Amino acid sequence: MNEEAIEHCSPVLRQAQHLVVFTGAGVSAESGIPTFRDALTGLWALHDPMDLATPAAFERDPALVWGWYESRRLQLQGKEPNPAHHALANLASQVPRLTLITQNVDDLHERAGSTGVIHLHGDLQSPRCSVCAAPYAAAAELDLATTAQADGGRMTPPHCSQCNSPIRPGVVWFGESLPEHALQSAFEAAGRCDLLLSVGTSGVVQPAALIPDVAAQQGAYVIHINPEPNHGQYPEATHIQGRAGQILPELVARAFG
Ligand code: BJW
Ligand code: ZN
């Protein structure tokens with residue numbers, strides 16, 4: 001079944017002129033970074049996002065929220081890109097044009113060698129002031145404090161050198177707008193591509209989830225890669241069932257090898 005789907009998709013990939021790759025937490029799962037909604041292991045299976053991933057949660061309990069994000073930032077520093085990240089980085093030199101859009105807050109695409117990655121939901125490594133948005137400059141101090149304290153527990157956030165307000169994680173929480181330039185670039189690319197490859201996302205978080213629909217509506221070919229079966233949510237797309245770290249290298253090798 002997968003063999004058949006890969007066989008079917010490899011010429012489509014080989015002929016693509018503008019490829020958009022749209023990734024979610026599943027692309028980093030094989031690097032040991034938990035997804036959000038996988039049963040038992042997903043972050044939102046273990047924690048209520050309303051306690052950790054909203055502006056109101058940070059206002060209510062900044063130490064809880066900051067400590068949780070710092071432990072995730074530290075965990076990320078010990079992880080490595082997996083074969084899916086590497087296959088996508090290699091793809092950039094095989095197709096005439098590639099736009100990589102991610103919902104992920106990790107930097108594993110960049111560490112695999114991808115450039116110009118559009119981060120729709122921000123970035124764990126870029127804390128900023130919660131009031132004036134000034135980037136937090138003392139990153140090395142942060143690493144020391146976090147290494148000493150963070151175990152997923154509470155940590156008082158540092159304060160902004162400009163306005164003395166608490167520093168917050170550089171990610172997009174529920175109820176917040178996505179970075180305008182990133183959002184615009186992502187929708188423009190989806191509106192112009194001829195192939196969209198969606199990898200490891202549940203496709204439930206708006207407005208990002210509209211990106212494959214925009215591509216499909218303007219006539220692009222859409223391929224989803226996910227270990228879960230397609231339950232009919234994407235009737236217009238081709239589904240390749242399997243892990244990104246296995247399917248992507250195979251698909252790229254079949255198309256260009
Ligand atoms: C593998 C694999 C392997 C596993 N290989 N695959 C009611 C209706 C509609 C919309 C709303 C609503 N109420 C509120 C909203 C808006 C809200 C929203 O969409 N909510 C829905 C969940 C209901 N959206 C927002 O608030 C956004 N802002 C916004 O809309 O502003 C305007 C507005 C505000 C309020 C109301 C209305 C309008 C902001 C969204 C910000 C999302 N932030 C997070 C957290 C980031 C920080 C952090 O890291 O903590 O972003 S939530 C989380 O979900 C994270 C992710 O980027 C995002 C998407 O998740 P993703 O990547 O798809 O992961 P999973 O876990 O869901 O899926 C993983 C997939 O991988 C699975 O399918 C697995 O099978 C697969 N997989 N192993 C390949 N090896
Ligand atoms: Zn400030």
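Side-chain atoms are counted along with the backbone in the values below, which use heavy atoms only and exclude waters and symmetry mates. Keep in mind that this is a model prediction, so the values were computed, not measured. Whatever order the structure lists ligands and atoms in, that order sets their numbers, starting from 1.
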Checklist entry - Rest of the hydrophobic cluster containing Ile211 (Ile/Leu/Val/Met/Phe/Trp/Tyr, side-chain heavy atoms under 4.5 Å)? => result Val20, Phe22, Ile101, Ile118, Leu120, Val172, Leu178, Leu183, Phe187, Leu196, Leu210, Val214, Val222
Item to check | the Zn ion (ligand 2) neighbourhood, protein N/O/S only, threshold under 2.8 Å | outcome: Cys129 SG, Cys132 SG, Cys160 SG, Cys163 SG
Next on the checklist: Under 4.0 Å between a side-chain nitrogen and a carboxylate oxygen: does that hold for Arg111 and Asp106?
Outcome noted: no
Checklist entry - In terms of the angle between their ring planes, are Trp68 and His47 parallel, tilted or perpendicular, with boundaries placed at 30° and 60°? => result perpendicular
Item to check | Evaluation steps, salt bridge (charged side-chain N to carboxylate O under 4.0 Å, His left out), between Arg254 and Glu3 | outcome: CA-CA 11 Å; Arg254 195 76 66 90; Glu3 273 301 303; 3.3 Å; yes
Next on the checklist: Ignoring hydrogens and geometry beyond distance, is a side-chain donor-acceptor pair present between Asp123 and Ser126 at under 3.5 Å?
Outcome noted: yes
Next on the checklist: I'd like to check the side chain to side chain donor-acceptor pair (under 3.5 Å) partners of Thr238; sequence neighbours left out, ordered by chain and number.
Outcome noted: Tyr221
Checklist entry - Do Leu43 and Phe174 belong together in a cluster built from hydrophobic side chains that touch within less than 4.5 Å? => result yes
Checklist entry - Do the side-chain N and O atoms of Ser28 and His85 include a donor-acceptor pair separated by under 3.5 angstrom? => result yes
Item to check | Residue pair Arg72, Ile33: steps toward the side chain to side chain contact (heavy atoms under 4.5 Å, CB included) verdict | outcome: CA-CA 9 Å; Arg72 284 177 54 199; Ile33 297 181; over 6 Å; no
Could you pull out the N/O contacts under 3.5 angstrom between ligand 1 and the surrounding protein atoms?
unit_1   : atom_1 : unit_2 : atom_2 : d
ligand 1 : 5 (N)  : Gly26  : O      : 3.3
ligand 1 : 5 (N)  : Ala244 : N      : 2.9
ligand 1 : 19 (O) : Gln206 : N      : 2.7
ligand 1 : 24 (N) : Gln206 : O      : 3.0
ligand 1 : 26 (O) : Gly175 : N      : 2.7
ligand 1 : 28 (N) : Glu176 : O      : 2.7
ligand 1 : 31 (O) : Glu176 : O      : 3.2
ligand 1 : 43 (N) : Val172 : O      : 3.0
ligand 1 : 49 (O) : Arg72  : NH1    : 3.3
ligand 1 : 49 (O) : Arg72  : NH2    : 2.7
ligand 1 : 50 (O) : Tyr69  : OH     : 2.6
ligand 1 : 50 (O) : Arg72  : NH1    : 2.8
ligand 1 : 51 (O) : His121 : ND1    : 3.2
ligand 1 : 54 (O) : Arg37  : NH1    : 3.0
ligand 1 : 54 (O) : Arg37  : NH2    : 3.3
ligand 1 : 57 (O) : Gln103 : O      : 2.9
ligand 1 : 57 (O) : His121 : ND1    : 2.7
ligand 1 : 60 (O) : Arg37  : NH1    : 3.1
ligand 1 : 62 (O) : Ala25  : N      : 2.8
ligand 1 : 63 (O) : Thr201 : OG1    : 2.7
ligand 1 : 63 (O) : Ser202 : N      : 3.0
ligand 1 : 63 (O) : Ser202 : OG     : 3.4
ligand 1 : 66 (O) : Phe36  : N      : 2.7
ligand 1 : 66 (O) : Arg37  : N      : 2.7
ligand 1 : 67 (O) : Arg37  : NH1    : 2.8
ligand 1 : 67 (O) : Ser202 : OG     : 2.5
ligand 1 : 68 (O) : Ser202 : N      : 3.3
ligand 1 : 71 (O) : Gly200 : O      : 3.2
ligand 1 : 73 (O) : Asn226 : ND2    : 2.9
ligand 1 : 75 (O) : Asn226 : OD1    : 2.8
ligand 1 : 80 (N) : Glu30  : OE2    : 2.7

